[in-house]
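The structure appears right after this line, and notes come after that.
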Amino acid sequence: MASNSTKSFLADAGYGEQELDANSALMELDKGLRSGKLGEQCEAVVRFPRLFQKYPFPILINSAFLKLADVFRVGNNFLRLCVLKVTQQSEKHLEKILNVDEFVKRIFSVIHSNDPVARAITLRMLGSLASIIPERKNAHHSIRQSLDSHDNVEVEAAVFAAANFSAQSKDFAVGICNKISEMIQGLATPVDLKLKLIPILQHMHHDAILASSARQLLQQLVTSYPSTKMVIVSLHTFTLLAASSLVDTPKQIQLLLQYLKNDPRKAVKRLAIQDLKLLANKTPHTWSRENIQALCECALQTPYDSLKLGMLSVLSTLSGTIAVKHYFSIASGNVGSSPRSSDLVRLAQECCYHNNRGIAAHGVRVLTNITVSCQEKDLLALEQDAVFGLESLLVLCSQDDSPGAQATLKIALNCMVKLAKGRPHLSQSVVETLLTQLHSAQDAARILMCHCLAAIAMQLPVLGDGMLGDLMELYKVIGRSATDKQQELLVSLATVIFVASQKALSAEVKAVIKQQLESVSNGWTVYRIARQASRMGNHDMARELYQSLLTQVASEHFYFWLNSLKEFSHAEQCLTGLQEENYSSALSCIAESLKFYHKGIASLTAASTPLNPLSFQCEFVKLRIDLLQAFSQLICTCNSLKTSPPPAIATTIAMTLGNDLQRCGRISNQMKQSMEEFRSLASRYGDLYQASFDADSATLRNVELYPKQQQSCLLISHAIEALILDPESASFQEYGSTGAAHADSEYERRMMSVYNHVLEEVESLNRKYTPVSYMRYFFQKLQSTSIKLALSPSPRNPAEPIAVQNNQQLALKVEGVVQHGSKPGLFRKIQSVCLNVSSTLQSKSGQDYKIPIDNMTNEMEQRVEPHNDYFSTQFLLNFAILGTHNITVESSVKDANGIVWKTGPRTTIFVKSLEDPYSQQIRLQQQQAQQPLQQQQQRNAYSRF
């Protein structure tokens, strides 16, 4: 019987396996908390973080934490420890606790226990809650009191709590600073406790006076306690305090450089280098020329490679920031040295060919950053040094497949990409070096080198058809086995081939690729290569690869996805037949392409699922279809002027209607309709852009700027409006190209030539075809961001309206949670959430009364900044008109750059406005009072007759 109950609890509590609503899941966990078995209680406690992640709204989190507080109050120390771990894991949800006083009261009751372990766990619990109770004086007093305890466990817990409260509360930091100082300087305090107390001083940055006193104390500690451990802890705390307070950073840099130069202990030197690296990353603008010069001198003088490597890592970090420009800048009134004669360049040149790979990599990075950032004209020697250093490092690391060599190779390849971008005239030599080294490199190095080649070639057209031969020879050689490295190399090298061949692949190239794929590749490798072909515009190759994969998938959704990609590639392949010299077949090519696009969109719709709706892909393809149809209509409209010129009475009709454009016949209306279509398409592309918050920057540029998309649509619509539908030039369009009339003046001849040129250009727009590239976001979503809204009050049944009296206002509370994927904030982060609330009247009930216009509509907008991915706000809504109202809450987000993204979601509830009882009673009394008067008037009217 016991085993059955255990199994039932585990099955019910595992709400991940069976979907339960929030209340049911909480009730199941509460059942475990009230169990008599310690194991079930602990299991229920540790499941709470998963519950918070799934239902992250305050009403559930508040109830759950109150239950956990009860367990903490009455349970044993092991249960208390489990609750502590849950609280620390759920730190971002603590602010959603509504009854903070009651929660803290239950927790704080354990602080009076006789068990020092229980008190220690309580202190750690209070320290974990410091973000929501920073100014609780009873907690402050308990921490100060526990610092004097004779139990080591309790003292360590008090130190932990003191550090957390010092970071959150200025009052506590001011009050505890003297206490910490006395304990550190006291002779009775053990050394290991002093080492734990010193890091608390890093949080004394709330004001300048407090930071200054903490800095003086740390200065005394460094001088008074010269032991290695004390110096290391004090210096690191010194650095963290300076980085937080920002006022003493230059002094801290000088102090660290002084210890790096004068202290003989290698551990202290390593700590100084580590802290200098931290300050170089956080505040590079505070580094002076003298600081960098001192660091260069230390690096030149030290005989230890490990220390030289650390110093060079700091210099390589600084070389990519504004500090290197300060270093090479000429101060006012002083003559600066040229970059070639500086110690920094001399150090980098010496280290480029060092036998230690890490030192050589940092030396090359310093040279590359100096070459790119300094714009002097006489940097030819420096450029050559950078290129030669990169080549030697490439040769060294490409022959070694160890993790250290691969990490160094990544640094060198990143420097190559940066150098090719900053100094384009060096890109050709860099690419030739990479191609030469590809043949003798290890497979792991080849993959990284192919990525580098593709990155450079995407920026600059440096890979020509002449290099395809070397690439194809290498492609034939590499496919000897089916290992993971070989599969990755097949994809990487195929990507470089697609980039190198700007036009369609030749039959020989396609045959070689397909032969290699048939021999050693798996289905996933073939799909990745096909995906790269679609992204690079090689649709003929992509179509054949998608076709080969259709029978190798186990899910119908995957089948429809691959089938849709095949149809899209076939559609784009049809458009490659457009030629600038012959546009007679343009309409047939577009019609053939549209046929395959419609087949593809049907398969794409079938491939979507509720968890993966493919909304971006469907909308992008629909826009592509509508764009091709708009171009087809534009070509037909342009042709109609030749096949169906304006009638002879067109001038009379124009004069009768008072519209000069009617002289051109029906083409004016057709052009106007075409212009509106292109404007509508441009607007829809803009909407797609705004809805793609999680897209990478290349995808967004593709949507916004790709030929024949948003900018092209606007350009065509403006050209039609300005040059064809403009009233001043419309009077000359009747001359057209039919030869029916001749220009009588030079001005008319020029206008006619301009019109003919515009007409020809519009006709040739679709003939100047560039293959569409299916961007990364079409296949792969690297960032995932969604917003989940909760409205209160909310009905139990979504179709059931909420009853509100018409003389009252409805307080609508909108809560939301921002949910992220595995890589939150990869491309952009949410700065604020825009909430728009609007209401519309669905149906009226009762009589119409005179209502102020202000009370008839609700249209409100608020912006809230989420904190720990949670936000909340309220709206006051009027429903003076009796009837059913539809309330719509729509959310959008604003990123750090101020751009608004229409991410959704859109939530709707219904409200039924009812007449208040008092007004209803008065209205009934007035009706009853009016009835006898009306009857008396009727009797008087009858008595006259």
Side-chain angles (χ1 to χ4, degrees), residues 537 539 564 567-568 571-572 574-576 578 583 586-587 589-602 604-605 614-640 667-693 695 698-726 758-759 761-775 777-778 892 899-904:
H539 298 289
S564 66
E567 299 293 346
F568 298 153
E572 290 298 327
C574 293
L575 294 177
T576 56
L578 296 173
Y583 60 88
L587 290 175
C589 288
I590 295 177
E592 188 73 11
S593 175
L594 285 173
K595 180 181 72 172
F596 291 109
Y597 258 120
H598 284 295
K599 289 182 180 179
I601 192 65
L604 187 63
T605 305
L614 302 177
S615 54
F616 174 83
Q617 291 86 343
C618 291
E619 185 61 25
F620 181 80
V621 173
K622 288 177 183 177
L623 283 171
R624 181 67 175 164
I625 293 174
D626 293 343
L627 183 62
L628 290 176
Q629 289 176 341
F631 273 112
S632 177
Q633 182 63 35
L634 180 60
I635 294 175
C636 292
T637 302
C638 293
N639 288 336
S640 68
I667 190 176
S668 61
N669 293 328
Q670 291 176 343
M671 280 292 184
K672 187 174 182 180
Q673 183 180 0
S674 182
M675 178 193 70
E676 292 174 353
E677 288 181 1
F678 278 104
R679 282 188 175 175
S680 174
L681 281 170
S683 176
R684 289 171 60 190
Y685 271 113
D687 293 340
L688 180 64
Y689 181 96
Q690 287 188 318
S692 306
F693 177 79
T699 298
L700 293 178
R701 287 197 306 270
N702 198 316
V703 172
E704 186 181 24
L705 300 175
Y706 193 83
K708 301 182 186 175
Q709 293 183 9
Q710 185 183 16
Q711 298 297 326
S712 234
C713 293
L714 286 173
L715 178 62
I716 294 170
S717 65
H718 289 320
I720 294 173
E721 181 180 21
L723 298 175
I724 298 177
L725 300 183
D726 184 63
V758 170
L759 190 62
E761 288 297 321
V762 172
E763 285 179 341
S764 65
L765 277 174
N766 203 71
R767 291 184 277 114
K768 295 177 180 178
Y769 171 72
T770 303
V772 68
S773 295
Y774 288 93
M775 59 291 285
Y777 193 59
F778 194 89
S892 57
I899 303 175
V900 178
W901 304 83
K902 298 178 181 178
T903 57

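Predicted model only: the values in this text are computed from it and were never measured.
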| field | All side-chain hydrogen bond (donor to acceptor under 3.5 Å, both in side chains) counterparts of Lys622, not counting sequence neighbours | value | none
| note | Rounded to the nearest 0.5 angstrom, the CD-NZ distance for Glu592 and Lys595 is 4.0 Å
| said: Nearest 0.5 angstrom please: Phe568 CZ to Leu604 CG, how far? | reply: 4.5 Å
| message | Counting C-beta onward and ignoring hydrogens, is there a side-chain heavy-atom pair between His539 and Leu575 closer than 4.5 Å? | response | no
| Could you give the distance from CZ (Phe693) to CD1 (Ile899), rounded to the nearest 0.5 Å? | 10.0 Å
| field | Shortest non-hydrogen contact between Gly600 and Ser564, atoms and distance | value | O-CB, 3.3 Å
| remark: Between the OH atom in Tyr685 and the CD atom in Glu619, the distance rounded to the nearest 0.5 Å is 9.5 Å
| message | If you compare all heavy atoms of Leu700 against all heavy atoms of Ala695, which two are closest, and at what distance to 0.1 Å? | response | CD2-CB, 3.9 Å
| request: Scan Glu567, Gln629, Glu572 and name whichever one has a side-chain hydrogen bond (donor to acceptor under 3.5 Å, both in side chains) with Tyr597. | output: Glu572
| remark: Separation between CD1 (Ile590) and CD (Gln633), nearest 0.5 Å, reads 11.0 Å
| Backbone of Ile601 reached by a side-chain donor or acceptor of Thr605 within 3.5 Å | yes
| task | Find the distance between OH (Tyr689) and NZ (Lys902) and round it off to the nearest 0.5 Å. | result | 13.5 Å
| query | Closest approach of Ala571 and Ser593, non-hydrogen atoms and distance? | reply | O-OG, 3.0 Å
| request: Please determine, by modelled atom types, if Tyr777 and Gln617 share a side-chain donor-acceptor pair under 3.5 angstrom. | output: no
| request: Carefully, step by step, assess Thr699 and Ser692 under the rule side chain to side chain contact (heavy atoms under 4.5 Å, CB included). | output: CA-CA 9 Å; Thr699 298; Ser692 306; over 6 Å; no
| query | Any idea how Phe620 and Tyr774 line up, ring-wise: parallel (<30°), tilted (30 to 60°), or perpendicular (>60°)? | reply | perpendicular
